[in-house]
Visitor: 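Have a look at the structure that comes next, please.
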There are 2 protein chains.
Amino acid sequence: MTAAAGATMAGGPDVGAGGALAVVCGGGRLPGTVAAAVVASGRDVVLFPIRGWADPAVVAPFRHHWIALATYGRLVRLMRQEGCRDLVFIGGAVRPALSELRLDWGTVRVLPRVARAFRGGDDHLLSGVARIFEDDGFRLRGAHEVAPDILVGEGPLGRRTPSARDTADVAFGLGLLAAQSPFDVGQAVVVAERRVLAVEAAEGTDGMLARVAALRAEGRIRTPAGVGVLVKAPKIGQDHRLDLPTIGPQTVDGVARAGLAGLAVVAGSVLVADPQEVARRAEAAGLFAVGVTPPPEGS
Amino acid sequence: MTAAAGATMAGGPDVGAGGALAVVCGGGRLPGTVAAAVVASGRDVVLFPIRGWADPAVVAPFRHHWIALATYGRLVRLMRQEGCRDLVFIGGAVRPALSELRLDWGTVRVLPRVARAFRGGDDHLLSGVARIFEDDGFRLRGAHEVAPDILVGEGPLGRRTPSARDTADVAFGLGLLAAQSPFDVGQAVVVAERRVLAVEAAEGTDGMLARVAALRAEGRIRTPAGVGVLVKAPKIGQDHRLDLPTIGPQTVDGVARAGLAGLAVVAGSVLVADPQEVARRAEAAGLFAVGVTPPPEGS
C-alpha cells in the first residue's frame with residue numbers, strides 16, 4: 001500500500017463495512033446479477049462499466065460511472081471519490097489490442113507492470129492487474145466472495161440429472177481439464193462417450209459449442225444427439241477473484257444446439273448469470289445442468 | 001492366426017520378401033506418396049482404395065481394387081488373391097456413421113469386435129481394427145516402416161528456421177500435447193507467446209487452423225501476424241501403424257492463413273505428403289516447417 005493510498009483509504013479490516021463496493025463491469029448480464037446480489041446483502045455498489053464491453057441496460061439500474069479501458073488514473077480517482085475500497089471485476093472481457101488503448105497518466109505510471117502482466121496467459125495478466133490495484137491501497141475481491149449466491153452449488157439446476165454415461169463423461173472431462181490446467185488453456189471441454197469432441201481455447205465456450213453444433217451438422221460427430229456433456233472448471237491455481245468461469249442462459253442454448261445431454265460445472269467455482277433462467281431453459285430443452293465436486297487430486 | 005489364414009499366408013518373417021504390400025487407401029495424396037516410395041524400394045504394391053474416401057487420380061498409377069468401407073470379407077479375399085500378407089492403412093478417414101455402412105459377411109463375422117473398438121477414442125478404434133486383421137493372419141505395418149522417407153526428420157523442411165520465441169512456443173505446445181495425451185485428444189495445438197490459441201479435437205488440424213484464421217479476422221487474437229506456431233505430435237502410446245499425424249501442403253497453407261510463424265512436428269513420428277511441395281510453400285510464405293525432438297519425459 002502506498003502512502004498516498006494509505007492516507008485516502010482509511011478503514012479497518014472489516015471490508016463489509018468499508019463503504020460501497022466498486023464493480024468494474026465487462027460484458028454480459030453477470031455484472032447486474034452481482035450488483036443486485038450485493039445490494040440485497042445490504043451493501044451499496046458503484047458500477048464502473050467499461051465502454052465497449054459493458055451493456056448500458058445492465059448497468060442502468062445502479063449508480064455508475066462509465067470508464068474507458070486503460071484509464072486507470074480516472075478509475076482510481078472515481079473510486080476514491082465514491083469511498084470505495086473494495087472492488088470486483090466482473091463480466092466478459094476481450095483481450096485488447098494495444099493500439100485500441102487510450103491511456104491516462106495513472107495508467108502510464110503502472111504501464112511497466114501492465115506490460116509484464118500482458119505476457120503469457122490470462123492468469124498471468126489478471127494476477128498482475130490485481131497486484132497493481134493492491135499496491136494502490138484497494139482490495140480486489142472475488143464476485144463469489146461478495147455475492148456467494150451466484151456460484152453454482154452442488155447438484156442440479158432444474159429437475160434433470162445426468163445419467164451414468166453422462167457422469168462418466170463428466171469425470172473424463174474433469175480429468176482432461178486438470179491435465180491441461182498447468183498450460184493456462186481454456187476452461188471447458190466437450191466429451192461424448194469418453195471421446196473428446198472439443199477443447200476450448202481462444203474461441204471461448206460459446207464458440208466451442210457452436211463448433212460442435214457445426215461439426216454435427218456436417219456429419220462429423222457420430223455420437224447421436226443427446227449424448228455428450230459440456231464440462232467447465234476453473235483452472236488449478238486460477239485467481240478466483242478475477243476470472244471464474246461463467247455460465248448463463250446462452251450456455252444452455254449452446255449446449256442444446258450442440259446436441260449434448262447437458263452441462264456440468266465444478267460446484268462452488270463457476271458463476272451463473274441468472275440461475276432461474278438457466279434452470280428453466282435446461283428443463284425446456286431436456287438438458288441437465290449440474291454442479292459437481294471433482295475427486296481429490298491424484299485419485 | 002487362424003488355421004485357414006495360416007494355410008494361405010505362407011511366408012517367413014522377412015516381410016520385405018513376403019509378396020506385394022497391400023495399401024488400404026483413405027483420402028488425400030499420402031497413399032500415392034507411400035505407394036511410390038514402396039515401389040521405389042523394390043517392392044510391389046496393390047492398392048485398395050476406399051470408395052468415398054480415396055482420390056481416383058491418386059490411386060490410378062498403381063494396381064488397385066476399389067473396396068467399400070466395411071466390406072472386410074471382400075478385402076481379405078482380394079488380399080489373399082494378390083498374395084499380400086502385409087498391409088498398411090494410409091490416408092484421411094472420416095469416422096463413418098453406422099447407417100452408411102454396407103456390410104459383407106466377412107464384416108458381420110468380426111462385427112462384435114468392431115463394435116467394441118468403436119466405443120472410446122480413435123486409438124481404441126484403430127487398435128481394435130489392427131487386431132482383427134492380425135487374427136486373420138495379416139500383418140499390419142506402419143507407413144513409416146514401409147516408406148521411412150515419408151516421415152518428417154529432424155531439422156527444417158526448406159530454408160526458414162524457428163526463432164528463439166518460436167522455439168519456446170514449440171516447447172510449450174509439446175508439453176501441452178503430452179499432458180493431454182492420456183485423454184486421447186487431438187494431436188495438434190496452436191501456441192503464440194506461450195498462450196494457447198487453439199486445441200485440436202474432432203475438427204482436425206485444418207479445421208483448427210481455419211478457426212485461428214477466423215478468430216484473427218474477428219480481432220480476437222491479439223498476438224501480431226507472424227507470431228505463433230502449430231505444434232503437432234503423435235499421442236503417447238499411439239499405434240504408429242495406424243494413425244500417425246500427417247502434414248502436407250494444405251497444412252502450410254492453413255498455417256499461413258492463421259497468421260503463424262511456422263509449424264513444428266515431432267521428428268520421426270509425423271508423415272509428410274509431398275515434402276518438396278511443403279518446403280516450397282513454406283519458403284514462399286516465409287514460414288518455417290521443422291521436425292523437432294521433444295525433451296525426454298519428466299525433464
Side-chain angles (χ1 to χ4, degrees), chain A residues 94-101 118-125 165 168 171-204 207-208 210-212 214-216 218-224 228 235 258, chain B residues 94-101 118-125 165 168 171-204 207-208 210-212 214-216 218-224 228 235 258:
Chain A
V94 181
R95 182 171 269 244
L98 287 175
S99 60
E100 289 169 12
L101 300 182
F118 228 93
R119 286 193 279 268
D122 272 333
D123 280 0
H124 194 179
L125 173 63
R165 178 174 59 194
F172 192 89
L174 288 171
L176 173 57
L177 287 167
Q180 293 180 327
S181 190
F183 297 88
D184 199 8
V185 71
Q187 300 162 314
V189 294
V190 174
V191 177
E193 296 195 306
R194 295 195 297 156
R195 185 172 154 80
V196 181
L197 301 183
V199 177
E200 175 187 337
E203 73 276 25
M208 176 182 65
R211 174 165 81 253
V212 173
L215 288 169
R216 192 183 292 283
E218 292 163 20
R220 293 177 61 194
I221 288 179
R222 301 309 190 153
T223 41
K235 287 175 257 187
Chain B
V94 180
R95 182 173 268 245
L98 287 176
S99 60
E100 289 170 13
L101 299 183
F118 228 93
R119 286 193 280 267
D122 272 333
D123 280 2
H124 194 178
L125 172 63
R165 177 174 59 195
F172 192 89
L174 289 171
L176 172 57
L177 287 167
Q180 293 180 329
S181 190
F183 297 88
D184 198 9
V185 69
Q187 301 161 314
V189 295
V190 174
V191 177
E193 297 195 307
R194 294 195 295 158
R195 184 172 155 78
V196 181
L197 300 184
V199 177
E200 174 188 337
E203 74 276 25
M208 176 182 67
R211 173 163 83 253
V212 173
L215 289 169
R216 191 183 292 283
E218 292 164 19
R220 293 178 62 194
I221 287 179
R222 300 311 190 152
T223 40
K235 288 176 256 186

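Per chain, numbering begins at 1; letters A, B, ... match sequence-line order.
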Visitor: Please flag which part of B/Leu215 lies under 4.5 Å from any non-hydrogen atom of chain A: side chain, backbone, both or neither.
Guide: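 When you check distances to chain A, only side chain atoms of B/Leu215 fall under 4.5 Å.
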Visitor: Measure the shortest side-chain to side-chain distance between A/Arg195 and B/Asp184 over non-hydrogen atoms and say whether it is less than 4.5 angstrom.
Guide: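 Result no, sub-4.5 Å side-chain heavy-atom pair not found.
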Visitor: With respect to chain B, which residue among A/Leu197, A/Ile221, A/Val185 yields the maximal number of heavy-atom pairs within a distance under 4.5 Å?
Guide: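 Option with the top pair count is A/Leu197.
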Visitor: Which residue out of A/Arg211, A/Glu200, A/Gln180 racks up the most heavy-atom pairs below 4.5 Å with chain B?
Guide: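 Of A/Arg211, A/Glu200, A/Gln180, A/Arg211 has the most heavy-atom pairs under 4.5 Å with chain B.
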Visitor: Which atom pair, heavy atoms only, marks the closest approach of B/Val196 to A/Phe183?
Guide: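 Where B/Val196 meets A/Phe183 most closely, the heavy atoms are CG2-O, 3.7 Å.
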